[in-house]
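These notes are about the structure you will find just below.
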There are 4 protein chains.
Amino acid sequence: MPTDIINELYKILEQRKSADPSSSYVASLYAQGTDHILKKIGEEAAELLIAGKGGSQNEIIHETADLWFHSLVLLVYKGIDADSVRSELERRLGQSGLEEKASRPRQ
Amino acid sequence: MPTDIINELYKILEQRKSADPSSSYVASLYAQGTDHILKKIGEEAAELLIAGKGGSQNEIIHETADLWFHSLVLLVYKGIDADSVRSELERRLGQSGLEEKASRPRQ
Amino acid sequence: MPTDIINELYKILEQRKSADPSSSYVASLYAQGTDHILKKIGEEAAELLIAGKGGSQNEIIHETADLWFHSLVLLVYKGIDADSVRSELERRLGQSGLEEKASRPRQ
Amino acid sequence: MPTDIINELYKILEQRKSADPSSSYVASLYAQGTDHILKKIGEEAAELLIAGKGGSQNEIIHETADLWFHSLVLLVYKGIDADSVRSELERRLGQSGLEEKASRPRQ
């Protein structure tokens with residue numbers, strides 16, 4: 001059975017909190033703070049849109065990984081457990097199979 | 001041991017391919033096609049930036065789940081296995097612990 | 001000589017501050033506040049990326065107008081004069097013709 | 001009467017088509033092509049969201065200028081006249097004062 005990649009990544013990203021920003025990319029993200037991490041998420045989302053519109057499957061895979069990776073960096077930086085996101089996703093699974101979102105009020 | 005939420009979601013999203021767009025939110029996304037799914041990813045990314053900048057932990061959790069959810073919808077729609085993203089993330093884990101990205105040439 | 005469309009729009013958007021949110025789209029944006037206006041900017045930016053990647057010239061024109069329009073709504077809502085953006089753009093023009101940005105330190 | 005900054009910028013950006021990418025920031029954007037220009041628009045939009053959520057008025061001005069600047073670069077690169085965007089914005093002004101958008105069908 002495969003290990004849960006999200007949890008595994010989370011643990012390593014957590015360890016990077018004590019790494020040297022000059023040699024660790026992740027530690028450098030933490031050192032630059034919230035705005036910088038959010039800018040990276042914005043960049044990676046833009047790259048996923050561009051890949052999704054015209055790119056190869058490999059580009060979509062690459063950009064999705066980049067986007068998830070940097071979202072996890074945000075969670076770790078903010079001290080939010082990845083299990084919270086898991087629970088939120090499971091909650092949707094439980095509600096008549098993903099259809100919760102449609103009925104949820106949106107702004 | 002927890003099940004892998006990404007794989008579990010993927011399977012259910014895959015099943016929604018045969019659901020009725022008028023009653024299934026996910027099926028309605030597939031029916032509207034690539035541009036619509038990408039717009040949703042763009043929207044959710046924007047909402048994560050806004051939550052990350054000033055929102056509560058719950059808002060960040062909620063928006064991260066929304067963003068991952070819609071990225072998975074894109075993968076399923078494009079026929080890309082979630083394991084490809086897992087492998088891409090694992091590849092980074094293998095390369096001296098997440099530091100691959102820093103050495104990867106960026107535009 | 002054409003009137004300055006940015007200033008003209010700004011004035012009308014300013015007048016909408018006293019309009020009824022139930023009958024004026026712009027007034028409804030103001031009523032929903034900063035987060036909602038920013039979400040609209042995020043959406044329109046995503047739509048411009050999608051149009052820019054694969055859309056027609058008309059779609060690019062339409063989405064650029066949408067993006068500028070909603071950025072102006074933000075300026076008006078925040079009480080920022082459009083002339084400030086004009087001055088910022090003119091400042092770049094003055095610095096050896098737009099090349100300021102390259103030399104500006106970036107995060 | 002102030003000159004129209006959008007048209008003025010457009011002309012200079014147009015002239016940059018023949019500049020050397022190694023010394024002109026704008027020429028380097030053209031040389032890198034559509035995807036790169038769109039990534040910059042995505043980045044600047046993300047930075048505007050972040051500034052709009054928590055930044056100073058100066059940051060909002062700066063990021064709005066960056067976003068408009070890079071949207072204009074896209075127009076020039078795609079051979080789309082800035083007057084087309086002006087006309088699109090004027091068309092909305094003409095339709096009972098900006099309220100066109102609310103009545104326009106949205107996906």
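Letters A, B, ... mirror the listed sequences (proteins, then strands); counts begin at 1. Everything numeric here is computed off the predicted structure, so don't read it as measured data.
Taking NE2 of His62(C) as the reference point, atom CZ of Arg91(D) lies at 7.0 Å (rounded to 0.5 Å). Atom OG of Ser56(D) is separated from atom NZ of Lys78(C) by 10.5 Å, given to the nearest 0.5 angstrom. In this structure, CD1 on Ile61(D) lies 8.0 Å from CD on Glu88(C), to the nearest 0.5 angstrom. The distance from the CD1 atom of Ile6(C) to the CD1 atom of Ile6(D) is 4.5 Å, given to the nearest 0.5 Å. Ser87(C) contributes atom OG, which lies 8.5 Å from atom CD1 of Ile5(D) (distance to the nearest 0.5 angstrom). The line from CD1 of Ile60(C) to CG of Leu75(D) is 8.0 Å long, rounded to the nearest 0.5 Å.
Chosen from Thr34(C), Ile37(C), Leu67(C), the residue pairing most often with chain D at heavy-atom distances under 4.5 Å is Leu67(C). Comparing Ala65(C), Gly79(C), Gly42(C), Ala45(C) by how many heavy-atom pairs each has under 4.5 Å with chain D, the most go to Ala65(C).
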key: Stepwise side-chain contact (heavy atoms from CB on, under 4.5 Å) test for Trp68(D) and Thr64(C)   = CA-CA 9 Å; Trp68(D) 293 3; Thr64(C) 304; over 6 Å; no
ask   = Taking it one step at a time, do Asp35(D) and Lys53(C) satisfy side-chain contact (heavy atoms from CB on, under 4.5 Å)?
value = CA-CA 7 Å; Asp35(D) 283 14; Lys53(C) 186 60 184 166; 2.6 Å; yes
message = Please evaluate residues Arg92(D) and Leu9(C) with respect to the criterion side-chain contact (heavy atoms from CB on, under 4.5 Å), reporting the C-alpha separation (whole Å), side-chain torsions for both, the decisive distance (0.1 Å), and the verdict.
response = CA-CA 10 Å; Arg92(D) 296 175 190 202; Leu9(C) 259 174; over 6 Å; no
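Heavy atoms closer than 4.5 Å to chain C are found in the side chain of Leu74(D), but not in its backbone.
Contacts of Glu14(C) classified as side-chain hydrogen bond (donor to acceptor under 3.5 Å, both in side chains), with partners at least two apart in sequence or in another chain: none.
Heavy atoms only, all atoms of each residue included: Leu49(D) and Leu38(C) are closest at CD2-O, 3.1 Å.
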